[in-house]
Protein chains: 2
Amino acid sequence: MTINSGGGGTPHKVPTIEDVARLAGVSTATVSRSLNTPERVREGTRNAVASAVKTLGYTPNFGGQVLASRRTNTIGAIIPTMSNAIFAKALQALQETLAARNVTLLVATSQYAPDQEQAQLRTMLARGVDGIALIGNERPPEVYELLTSRRVPFALMWSHPDNLPYLSVGFDNAAAAAEVARHVLELGHRRIGYISGRTIGNDRAKARLSGVASTLAENGCELAADDVVLCDYSLEDGETAALRLLARRTRPTALICGNDVLAAGAMRGARRLGLAIPDELSITGFDDIDLATAVSPALTTVRVPHSRMGTTAGNLLLEWIDSGTQPKSVLFPADFIFRSSLTEAVPVP
Amino acid sequence: MTINSGGGGTPHKVPTIEDVARLAGVSTATVSRSLNTPERVREGTRNAVASAVKTLGYTPNFGGQVLASRRTNTIGAIIPTMSNAIFAKALQALQETLAARNVTLLVATSQYAPDQEQAQLRTMLARGVDGIALIGNERPPEVYELLTSRRVPFALMWSHPDNLPYLSVGFDNAAAAAEVARHVLELGHRRIGYISGRTIGNDRAKARLSGVASTLAENGCELAADDVVLCDYSLEDGETAALRLLARRTRPTALICGNDVLAAGAMRGARRLGLAIPDELSITGFDDIDLATAVSPALTTVRVPHSRMGTTAGNLLLEWIDSGTQPKSVLFPADFIFRSSLTEAVPVP
DNA sequence: TTGCAAGATGTAAGCGCTTACAACAACCTT
DNA sequence: AAGGTTGTTGTAAGCGCTTACATCTTGCAA
């Protein structure tokens with residue numbers, strides 16, 4: 001069935017622009033102008049059209065509009081998952097920004113899988129989106145070529161690729177992670193474990209890991225292969241990873257985690273082993289989602305500008321769509337947030 | 001600019017179905033059939049079309065398709081917020097279900113505000129969505145009239161309205177909340193506080209409150225006006241509400257909360273007062289999001305079938321769209337989950 | 001061989017809207 | 001008063017696709 005038929009009722013003729021024009025005693029062009037560029041229509045005419053629209057209950061047909069104007073007023077967003085609160089917040093901000101400009105948001109998830117992201121991307125292009133928001137910058141060149149050849153404005157969120165010429169709205173994951181590592185070192189920790197999200201196709205996870213690893217290395221505290229666990233982003237995975245790291249002969253005094261969910265999972269693992277946090281084990285997260293302050297002790301973490309990224313990406317995409325020229329990328333700060341899950345290292349028995 | 005022009009490059013002609021037809025040596029009708037109903041085209045012809053499509057890099061124009069087929073293959077979802085993990089999960093399940101059937105998801109949020117929901121709804125209708133998913137059942141009759149008169153299939157999630165003839169995919173909030181109250185009573189609690197989400201336009205919050213209130217009343221444990229706090233769904237609000245309830249001369253021994261976020265907030269409040277949970281204060285939540293097991297002690301709560309609701313709503317909407325007849329509503333169970341945040345009431349000094 | 005049903009393809013009429021261009025009116029300017 | 005602006009509206013040509021219907025093949029029964 002179509003949106004205008006079926007259902008068992010009367011055929012129910014949906015009014016078209018032509019019906020409005022007839023009733024208002026003007027041409028369809030005037031109706032169209034009256035609706036889209038009211039300032040170009042005399043007030044009296046405009047009112048006549050408005051009242052005809054009202055009595056008929058007219059709504060422009062989307063397909064007709066799209067076909068004729070070659071614009072869908074739709075922007076697509078492909079994020080790894082909606083389960084993580086952080087993407088959800090950015091998405092929400094993006095949606096609000098777009099809604100204010102009368103643009104709707106098409107949403108799809110990739111589950112951190114590059115091929116799924118590409119499939120979703122193709123679907124969105126086929127849907128004729130006017131612009132696209134993506135997370136991160138690591139993808140095969142073909143993807144960027146596709147986007148570029150289609151001339152679809154797109155924004156890369158969450159990262160700050162200085163080797164890519166594309167519009168990005170993000171922050172420096174490596175630098176923020178390095179700062180966490182620095183703080184951990186300053187508090188005297190030397191035996192440190194790192195719990196990371198999987199790094200395939202995930203530049204953020206890679207950058208955070210390398211930020212931590214290089215900072216530790218620079219300070220003579222090299223991260224060995226088995227000081228690092230790669231896993232999915234779930235409480236369970238964080239817990240399992242923590243148990244593994246804490247089972248080692250010389251137990252770490254601090255666990256740096258790739259995000260808050262992993263950190264909360266790690267806390268659960270530590271608790272299972274009867275370790276007091278932060279007295280016997282320090283834990284840090286990344287993202288500063290609500291979870292970070294819901295757990296006890298509250299998580300030391302990095303505040304990521306999720307809402308600002310969403311809002312900014314939306315505005316810049318709209319700007320690009322309207323102007324036809326790619327705006328400049330934006331780099332936001334990501335602040336270190338000190339809370340009680342991190343404290344001085346005490347000598348372990 | 002349009003999605004096909006601008007950007008400073010060559011005019012860059014996008015191939016149309018006609019170009020494909022010409023190259024493949026067939027008519028546009030055959031190309032269309034070859035793409036949409038391949039079984040109605042001979043294999044040889046189909047291959048010729050396929051290769052023409054490939055060499056030209058053809059993608060059907062969305063506007064043309066919509067206009068001619070009177071279908072957008074798009075479904076809209078309007079949820080209160082994406083910040084709450086629970087809606088996010090349902091949304092994700094919905095999106096995956098739709099994607100598998102080649103339908104895309106348009107998302108908007110209402111911030112729990114009825115007028116915002118209506119505005120978003122109108123936008124979606126204007127976008128010609130083939131179906132709509134909404135949360136809850138409490139809205140002015142005009143909204144349902146609009147939906148019905150437009151003959152747009154829609155599903156109400158999260159609730160189970162037996163007084164409404166519309167398609168719903170939900171669970172019994174009142175019954176689940178009543179069960180929580182019953183357990184709390186059984187453990188000997190008599191001084192009980194309730195922290196609820198705001199109830200205006202929110203039937204789920206209302207149902208949960210009334211389920212708890214009536215169960216308590218039936219057991220001679222009437223909820224007084226100041227035993228209840230209504231607030232927004234945030235950790236801070238939950239914390240503030242808990243502080244208020246716990247400041248009363250006869251402190252409650254149990255706090256029943258309208259959802260897990262409020263419960264986690266309440267835990268934070270209790271902790272601030274130095275109260276041990278569950279020994280000095282029991283707390284229960286609702287929803288069973290990840291947060292419930294991330295906090296310590298883990299929250300006693302109600303498991304809401306978020307993913308199943310998303311999947312089912314998606315399937316039923318698609319079924320309705322294809323068949324033209326409204327499917328039967330679905331009622332899922334919502335199980336009580338016993339965890340350590342709830343324990344026996346001990347006489348308070 | 002003929003006739004016919006079933007299958008494959010082509011023809012062409014829209015779907016409802018926007019917009020370039022033309023037409024006209026009203027108002028200045030010189 | 002003629003010519004030129006500026007502002008308002010109408011005319012009509014598409015935008016790219018689907019699909020009802022017509023036409024042509026093919027295969028097979030009689």
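The chains referred to below are lettered A, B, ... by the order of the sequence lines, with proteins before strands, and numbering in each begins at 1.
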side-chain N/O A/Gln65 vs C/dT18 OP1/OP2, d < 4.0 Å: yes

Polar contact flag, side-chain donor to acceptor under 3.5 angstrom, B/Arg150-A/Thr59: yes

Mutual orientation of the aromatic rings belonging to A/Tyr144 and A/Tyr166 [parallel < 30°, tilted 30-60°, perpendicular > 60°]: parallel

Polar side-chain atom of B/Gln326 near backbone of B/Pro165 as donor-acceptor pair, under 3.5 Å: yes

Audit row: B/Arg71, B/Asp322, salt bridge (Lys or Arg N to Asp or Glu O under 4.0 Å) steps and yes/no: CA-CA 11 Å; B/Arg71 254 247 208 195; B/Asp322 289 339; 2.8 Å; yes

B/Gly64 vs B/Glu39, nearer the 5' end of DNA chain C by closest nucleotide: B/Glu39

Whole-Å gap separating P (C/dC24) and CZ (A/Arg42): 16 Å

B/Gln120 side chain to B/Thr109 backbone, donor-acceptor under 3.5 Å: yes

Presence of A/Arg70 side-chain N/O under 4.0 Å of D/dG16 phosphate oxygens OP1/OP2: yes

Contact under 4.0 Å: B/Thr16 side-chain N or O vs D/dG16 OP1/OP2: no

Rounded distance (Å) that lies between atom C1' of C/dC15 and atom CG of B/Leu67: 4 Å

Sugar-phosphate only, base, or nothing, as touched by B/Val26 at under 4.0 Å among non-hydrogen atoms: sugar-phosphate

Rounded distance in Å - CZ (A/Arg40) to P (C/dC21): 13 Å

Nucleotide D/dC17, atom P - distance to CG of B/Leu35 in whole Å: 9 Å

For the student: nearest non-hydrogen atoms of B/Phe62 and A/Arg127, plus distance: CD2-O, 3.2 Å

Considering only nitrogen or oxygen atoms on both sides, find all protein atoms under 3.5 Å from nucleotides 19-24 of chain D and state each distance.
none

Closest to the A/Val41 side chain, choosing from D/dT9, D/dC17, C/dT9: D/dT9

Between D/dC17 (P) and B/Asn73 (CG): distance, integer Å: 15 Å

